[in-house]
Structures are given as structure tokens and as C-alpha cells.
*Asks:* 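Here it is, the structure, as C-alpha cells.
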Number of protein chains: 2
Amino acid sequence: MVTLAEVAQHAGVSASTVSYVLSGKRSISATTRQRVEQSIRELGYHPNAGARALASSRSNIIALMVPLRTDMYVPVMMEIAIAVATTARTHGYDVLLLTGEEGPDAVRRVTGSGLADAMILMDVELDDERLPLLREAAQPSVLIGLPADTTGLTCVDLDFRATGALCVEHLAGLGHRDVAVIGEAPAVYERHTGFAERTLDGLRSRARETDVRLLHRPCEGGYDAMAVTLARVFDERPGTTGFVVQNESAVEPLLALLRQQGRAVPEDVSVVAICPDQVAVQASVRLTSVSIPAQEMGRRAVEHLVAKLDGRGADEVVLLAPELTVRASSGPAAS
Amino acid sequence: MVTLAEVAQHAGVSASTVSYVLSGKRSISATTRQRVEQSIRELGYHPNAGARALASSRSNIIALMVPLRTDMYVPVMMEIAIAVATTARTHGYDVLLLTGEEGPDAVRRVTGSGLADAMILMDVELDDERLPLLREAAQPSVLIGLPADTTGLTCVDLDFRATGALCVEHLAGLGHRDVAVIGEAPAVYERHTGFAERTLDGLRSRARETDVRLLHRPCEGGYDAMAVTLARVFDERPGTTGFVVQNESAVEPLLALLRQQGRAVPEDVSVVAICPDQVAVQASVRLTSVSIPAQEMGRRAVEHLVAKLDGRGADEVVLLAPELTVRASSGPAAS
DNA sequence: TTTGGTTGTCGAAGCGCTTCGACAGCCTAT
DNA sequence: ATAGGCTGTCGAAGCGCTTCGACAACCAAA
């Protein structure tokens with residue numbers, strides 16, 4: 001294990017000089033810098049992370065809390081996590097992976113131990129237990145998601161209200177009057193996950209404005225659950241011609257069932273999904289969809305955090321504008 | 001920020017005593033221990049991670065390298081990652097998330113800086129550039145996956161060879177004579193990912209033994225790619241009655257296409273998938289499948305690592321035995 | 001009573017780094 | 001020539017913890 005002192009000796013300078021070469025916090029003559037850099041390379045020196053953290057009280061680590069459950073949005077979570085990790089690296093940070101399992105304790109542990117300089121939280125509930133801790137914490141944090149009370153917090157999320165509105169608007173514009181919403185699993189609503197409720201909000205308010213009748217049904221993923229839900233939908237509203245699907249794992253089952261019932265997409269029934277683009281283009285019908293900008297969210301979260309760590313940037317709620325891409329699953333309502 | 005010294009003062013003991021209470025490395029009288037623990041609680045003390053790492057040269061962090069690409073097995077990767085994180089926590093370790101992006105440099109950075117005490121690598125290629133570094137590293141490591149040369153390494157993986165054999169065996173036992181294998185995307189084979197080749201190996205050798213004719217076709221995920229592939233299969237082997245699918249994102253498209261062509265599953269055609277159980281039961285036909293024990297793999301990897309860190313346990317290759325669950329997608333060959 | 005072994009506690013050294021103040025050397029303006 | 005301001009470098013003090021050796025205090029055996 002090569003140390004700073006050894007590099008200094010090898011280069012014939014003092015330890016502090018080597019440190020300043022590394023950090024760039026004081027000016028160093030070109031010749032000295034080169035000599036030091038040469039020694040670093042020759043000896044294969046890597047600064048010790050612990051020592052650095054201790055001396056500078058900066059760990060250069062960002063903690064990322066991911067939800068423990070894998071009952072929803074797995075690809076989205078993964079994409080966000082990877083975007084966070086790669087973006088963090090470009091700013092010289094590493095990422096610590098925490099699962100939601102520990103809950104508030106994890107926040108205490110991280111803020112108390114100086115393990116991480118900052119935190120990113122995913123899957124935030126409307127009234128999350130962790131929020132008070134974050135407000136008091138010395139370390140900055142960013143939420144991916146939107147809780148009920150955002151004072152003193154910074155959040156990044158898709159504007160799900162606008163997303164809901166956009167979906168209805170699209171279908172209304174095509175002449176659909178009866179629209180069914182296939183929502184997330186009931187459990188998601190029960191734990192008051194913000195995005196699900198906000199989407200519903202957007203759907204409903206725009207439906208009112210455009211004179212669309214809305215039927216909202218939560219739905220577990222999978223074929224069987226979707227079959228039951230779909231039967232109920234057509235039972236209650238036989239004239240349904242439009243679908244908005246928020247549950248990723250209900251999309252393909254829905255398409256299969258519609259096909260099976262002889263309802264053509266998009267001739268008889270239009271489907272709009274809220275899902276990552278990748279899912280939309282891989283489906284058996286290329287789906288008209290509002291994409292979930294997972295990478296963008298991860299990237300933005302890290303950049304906000306880095307700004308805060310550098311003393312720039314203040315608390316702020318960033319809602320990304322939804323974009324609807326028309327593909328092959330939606331068309332004019334049959335009339 | 002409360003320090004050890006402050007706790008010591010508050011409890012009326014020396015710093016080292018507090019340290020020994022925390023670590024349990026020396027015996028402490030019950031009364032002293034209680035007094036110290038009381039002070040820790042009252043002051044809300046959390047040991048500083050950096051200081052600890054520096055003094056003990058142990059960071060209590062395990063690095064996890066996940067593949068950057070999300071072109072395959074996303075749910076599996078996610079499940080492994082979460083299993084690693086939760087298992088690590090039960091042993092007092094945190095997990096650092098690294099993406100494959102940096103490649104060998106990431107290994108150097110981690111081993112050089114003492115950032116982590118150990119590493120877990122996913123998505124290992126047959127002849128991975130990172131392997132030589134791992135063999136030399138002071139820190140122990142575990143691979144999830146199986147490279148060509150495993151000397152000096154410890155690996156955990158599903159026995160994909162046996163998995164392939166098991167799939168063929170099941171279909172052969174049902175009387176199928178012409179079996180098509182829908183493989184991973186061509187890129188996966190090109191980069192010599194071990195599991196894909198080993199599966200193929202197992203499929204082929206058992207096919208030879210059971211007198212089954214095999215047709216292997218790599219396939220990008222998605223509906224369109226599957227349609228092209230399927231057309232080719234029936235073109236070349238019209239008598240095909242069995243399918244083994246390794247590419248998760250080809251499963252649902254395959255089922256949809258078969259249905260569309262009027263081929264009933266499992267009456268006309270049997271399908272066996274290699275995928276997580278969750279995917280198998282959520283499909284439009286409940287799939288006969290060999291499950292990928294993602295959680296188990298993550299757990300085993302961590303436990304091996306912890307054993308090594310404790311001075312127990314040696315290098316070893318652990319191949320988990322595959323298990324085939326018969327569901328509704330396979331049945332006797334029509335004859 | 002002395003000796004020897006435990007048990008529980010303490011003090012001090014040091015892990016490898018950052019950072020502050022000091023200062024030598026030089027250049028420019030007086 | 002002198003004062004003042006830069007630049008580039010160094011020494012030393014710590015960051016908060018672990019850990020080693022030392023050593024009182026006690027008990028049991030001789």
C-alpha cells in the first residue's frame with residue numbers, strides 16, 4: 001500500500017505539496033507537478049479513502065436508497081440507479097446502495113457516520129417517515145418522487161399530473177368518450193405513493209374538462225389479474241374505447257386479452273401507456289406512450305446534489321414535462 | 001457531530017474503553033458497559049466511518065459491480081443487487097454500487113484506495129479483463145457468473161449447463177423431437193458471456209443423448225425480432241413442437257405469435273423458459289420454467305465474501321442446481 | 001504471606017490524509 | 001535601495017478512531 005508520504009519522498013517534495021498537486025487547491029509549479037505526477041504513476045499510488053474522508057470530512061460518496069420491493073417499475077428503478085451511478089462518477093462521487101428496508105434508521109446511520117456526503121431517495125411516499133430527518137440533516141438530499149409537503153426539500157420527478165392530463169387529452173382528441181384507467185396494484189395506492197395519486201388527479205381533472213368518462217381500476221400485474229379487471233371494465237362500461245395503462249406489467253396481458261376478444265388495436269380500442277420507451281417499442285403493438293425519463297431523473301438528481309455540495313443551488317422542486325409519443329396503439333374512436 | 005471522546009467523557013471512562021464496548025474485543029464489566037451504552041444513546045453517537053476505516057483499515061463496505069447495459073436480465077440483476085445489499089447489511093456491511101463502465105479501472109480504484117473490503121462482480125465474461133486484477137488483489141472477491149479460467153477465484157452461478165440439459169430432458173420426455181432454442185441477443189454471444197454458451201452446451205449434449213434435433217437462434221427481445229425468428233424456425237423445421245426460451249423479453253412475443261398462428265400451447269407446441277419465477281407466473285400462459293435463483297445467488301455471494309473476510313472459507317466454484325417447475329406451457333407432443 | 005494468573009481499564013501511538021500559517025525567493029513599484 | 005505583493009513550498013497540527021502494552025486490583029493456589 002503506497003502512501004502519500006512515500007510519493008513525496010520519491011518525488012523529493014513534502015507531503016503537503018503532493019496533496020496540493022492532487023487537489024489543485026494551491027498553485028504548484030509545472031516542474032514540481034510533473035515530478036509528483038510521475039512518482040504517482042511509477043509507484044501506482046491511490047489515495048486512501050478512509051484517511052481522506054477523515055481529514056477532509058468528505059467521503060465523496062452519495063447514498064442512494066432504493067425501494068426494497070420489486071413489485072413495480074423494476075426497469076425504471078434500475079435505469080435510475082445506473083444513471084445515478086454513472087453521473088456521480090463523472091463528478092468524482094461513488095454511490096452507496098441502501099435498500100428501503102432499514103427505513104429512517106438508514107438515514108440516521110448515514111448522516112450520523114459521515115458515510116455519505118449526500119443522499120438520494122427513491123420511492124418516496126406522500127408522508128414519508130424519513131423526511132423530517134432529511135430536513136434536519138447536515139447533508140443535502142434529493143428525492144426522486146414528490147411527497148405531500150416539500151418545504152425544505154428538493155425533489156425531481158416526472159410531472160405525473162400533467163402526464164395524466166396528457167393521456168386523457170390525447171384520447172379525447174381522438175374522439176374517445178369512455179376511457180378506462182388500468183392503475184398500479186392496490187397496494188401502491190394504499191401506501192400513498194405520490195405519483196399514482198397525482199396521475200389519477202391529472203387524468204380526472206382533464207377528463208372533466210374534456211367531457212370524458214373515466215373508470216379507474218387498480219390492477220396487479222400479470223395476465224390473470226388483468227383478465228379479471230378487463231372483464232369488470234367492459235361489464236361496467238361496455239362502450240369503453242380508450243385505455244390508459246400505468247402498470248407496466250399489465251400492458252402485455254391487456255394487449256393479449258384484447259386480441260383474444262377480437263378487439264383490434266387501434267381500430268376498436270386505443271391504448272396509451274405510461275412506461276419507459278423501451279417497453280413501449282418492445283410490446284406486441286408499438287405503444288403510444290408517455291415515457292418515464294428514468295435516466296434524466298437520475299442524472300438531474302445527482303447534478304442537483306453536486307451543486308448543493310459545491311455550495312451552489314437551493315431547494316427546488318423540478319417536475320419534468322411529460323412527452324407523449326404517438327405510436328401504433330392509438331387512433332380515432334370508432335363512431 | 002458527537003465523537004468517541006465526548007461519549008467517554010460523558011460516561012466517565014477513557015476513549016479506549018468506549019471503543020472496546022463498541023467492538024467487544026476486550027471484556028468490559030457489566031456496569032461500565034451499561035454506563036457507556038447509556039451515554040451513547042443519550043448523546044446520539046454514531047462512529048465516524050472514515051476514522052474507523054483509517055484506524056482499522058476496514059471500511060465495512062462491499063463493492064458490487066453491475067453491468068452498465070440494460071439489454072438483458074434487468075429484473076435478475078435488480079434482484080441480485082437487492083439481495084446483496086440486504087444480506088450485506090445483516091453482516092454489518094454496506095454496498096457500493098459500481099457500474100461496469102469503468103471496467104478494470106474500477107477494480108484498481110477500489111482495491112487501491114481501500115474504499116471497499118471486498119468485491120462482487122456480475123456479468124462476468126469468459127475472458128474478463130478484470131480477472132487478473134482480482135487474482136492479485138489483497139481484497140477477496142466473488143464472481144456471479146463463471147469465466148473460462150476459475151483458478152484462484154470464487155464463483156457463484158446457476159449451473160446453466162445442467163439447466164440446458166434439464167430443459168431438453170423435459171421436452172424429450174414429453175416426446176418432442178424437434179426443439180427450437182430462442183437464445184439471447186446475438187451481442188450476448190459475441191461478447192462471450194459464459195452463461196449463454198454453457199446453456200447451449202447443456203442443451204446440445206443432452207439433445208444428442210436423447211435424440212432431439214435442436215435449432216438454436218439468437219434473438220433480440222421484442223415482438224418484431226421474435227416474429228422474424230419464429231418465421232425462420234418454422235421455415236427450416238416445420239415439425240418443431242418444442243421451444244426453449246432464454247431471452248426473457250422474447251417470451252411474451254413468442255406466446256402472442258403462436259396464438260396468432262393458431263398453434264395452441266401446450267397442445268400443439270410446448271414452451272420451456274429460463275427466467276425468474278415471477279416472470280413465469282405472470283406470463284399469458286403460466287410457463288414451465290427453470291427459475292433463475294437471483295436472490296439465492298446474491299445471498300451466497302455475500303456470505304462467501306464475509307466468510308473470507310473473517311478468515312474462513314477458501315476459493316470455490318458454487319454451481320446452484322437448476323430446478324424445473326412444470327406449469328401450463330408444456331405437455332406431451334402431438335403425435 | 002508470596003506468587004502468579006485473571007480481569008478491566010487506561011494512555012499513547014499512529015492510521016494517511018488535508019489544511020493552515022509561515023516563509024523564502026522573486027518581481028515590481030516606489 | 002527598500003517596501004510590498006506574489007508564488008511555490010514546507011512543517012506541523014489535527015481529523016476520530018483502533019489497538020497495543022502497561023498496570024492496578026482482585027482472586028486463587030502454594
Side-chain angles (χ1 to χ4, degrees), chain A residues 1-37 39-40 43-61 92 109-117 138 309, chain B residues 1-37 39-40 43-61 92 109-117 138 309:
Chain A
M1 180 105 303
V2 188
T3 69
L4 224 207
E6 291 170 323
V7 173
Q9 193 178 7
H10 185 272
V13 298
S14 75
S16 45
T17 300
V18 176
S19 178
Y20 287 124
V21 167
L22 252 31
S23 69
K25 292 191 180 174
R26 284 206 183 169
S27 55
I28 297 287
S29 70
T31 63
T32 305
R33 187 200 325 296
Q34 279 165 17
R35 208 139 36 84
V36 170
E37 281 167 353
S39 297
I40 288 177
L43 301 179
Y45 168 71
H46 283 269
N48 178 297
R52 217 167 216 199
L54 176 56
S56 64
S57 19
R58 282 286 211 121
S59 64
N60 284 301
I61 287 179
R109 202 160 55 81
V110 167
T111 59
S113 68
L115 231 188
D117 296 334
L309 287 167
Chain B
M1 181 108 299
V2 188
T3 70
L4 225 208
E6 291 171 322
V7 173
Q9 192 178 7
H10 185 271
V13 298
S14 75
S16 45
T17 300
V18 177
S19 178
Y20 286 122
V21 167
L22 251 33
S23 70
K25 292 191 179 173
R26 285 204 181 169
S27 54
I28 297 287
S29 70
T31 63
T32 305
R33 186 200 326 296
Q34 279 164 17
R35 209 140 33 84
V36 169
E37 281 167 354
S39 297
I40 288 177
L43 301 179
Y45 169 71
H46 283 269
N48 178 298
R52 220 169 212 196
L54 176 57
S56 65
S57 21
R58 281 286 211 121
S59 63
N60 285 300
I61 287 179
R109 202 160 56 82
V110 167
T111 59
S113 67
L115 229 187
D117 296 334
L309 287 167

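Sequence lines set the chain letters: A, B, ... in the order given, protein chains first and strands last, and positions in each chain run from 1. Predicted model, so just to flag it, every value in this text is computed and none were measured.
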*Asks:* Can you check whether A:S27 has a side-chain N or O nearer than 4.0 Å to OP1 or OP2 of D:dG8?
*Replies:*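 Indeed, a polar side-chain atom of A:S27 lies that close.
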*Asks:* What is the 5' to 3' range of DNA chain C, first to last nucleotide, that sits under 4.0 Å from any heavy atom of chain A?
*Replies:*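 Contact boundaries, 5' end first: C:dG16 to C:dA22.
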*Asks:* Donor-acceptor pair, distance only, cut-off 3.5 Å: does the side chain of A:T17 make one with the backbone of A:V13?
*Replies:*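 Looks like no, no N/O pair under 3.5 Å.
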*Asks:* What's the CD1-P distance between A:I28 and D:dC6, to the nearest Å?
*Replies:*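 Value for this atom pair: 19 Å.
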*Asks:* Would you say that more than 12 heavy atoms from the other residues, nucleotides or ligands in this model lie under 6.0 Å from the CD of A:Q9, or not?
*Replies:*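 No, not enclosed.
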*Asks:* On DNA chain C, check which nucleotide each of B:A30 and B:S56 is closest to and give me the residue with the more 5' one.
*Replies:*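 Nearest nucleotide further toward 5': that of B:A30.
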*Asks:* Can you name the closest pair of heavy atoms from B:R109 and B:L115 and give their distance?
*Replies:*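 Of all heavy-atom pairs spanning B:R109 and B:L115, the closest is NH1-CD1, 4.2 Å.
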*Asks:* Counting any heavy atom closer than 4.0 Å, what does A:S16 reach on the DNA or RNA strands: base, sugar-phosphate only, or nothing?
*Replies:*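 Base contact - A:S16 has a heavy atom under 4.0 Å of at least one base atom.
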*Asks:* Within the 4.0 Å heavy-atom criterion, would you say A:S19 contacts the bases, only the backbone, or no part of the nucleic acid?
*Replies:*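 If one applies the 4.0 Å heavy-atom cut-off, A:S19 turns out to touch a base.
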*Asks:* Here's a test of your reading of the structure: between B:N48 and B:R26, which maps to the more 5' nucleotide of DNA chain D?
*Replies:*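 Upstream on the strand: B:N48.
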*Asks:* Does either side chain, that of A:S19 or that of A:S16, offer a donor lying less than 3.5 Å from an acceptor on the other one?
*Replies:*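 No, A:S16 and A:S19 have no side-chain donor paired with an acceptor closer than 3.5 Å.
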*Asks:* Would you mind telling me which residue lines up with the more 5' stretch of DNA chain C, A:Y20 or A:L4, judged by nearest nucleotide?
*Replies:*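 That would be A:L4.
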*Asks:* Is A:R58 reaching over with its side chain to a backbone N or O of A:A53, donor-acceptor style, under 3.5 angstrom?
*Replies:*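 A pair under 3.5 Å: no.
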*Asks:* Is the shortest heavy-atom distance from the side chain of B:L22 to the side chain of B:Y45 under 4.5 Å?
*Replies:*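 SC-SC contact between B:L22 and B:Y45 confirmed.
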*Asks:* Heavy atoms under 4.0 Å, any strand shown: does A:S29 hit a base, just sugar-phosphate, or nothing?
*Replies:*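 Since only primed, P, OP1 and OP2 atoms lie under 4.0 Å of A:S29, the category is sugar-phosphate.
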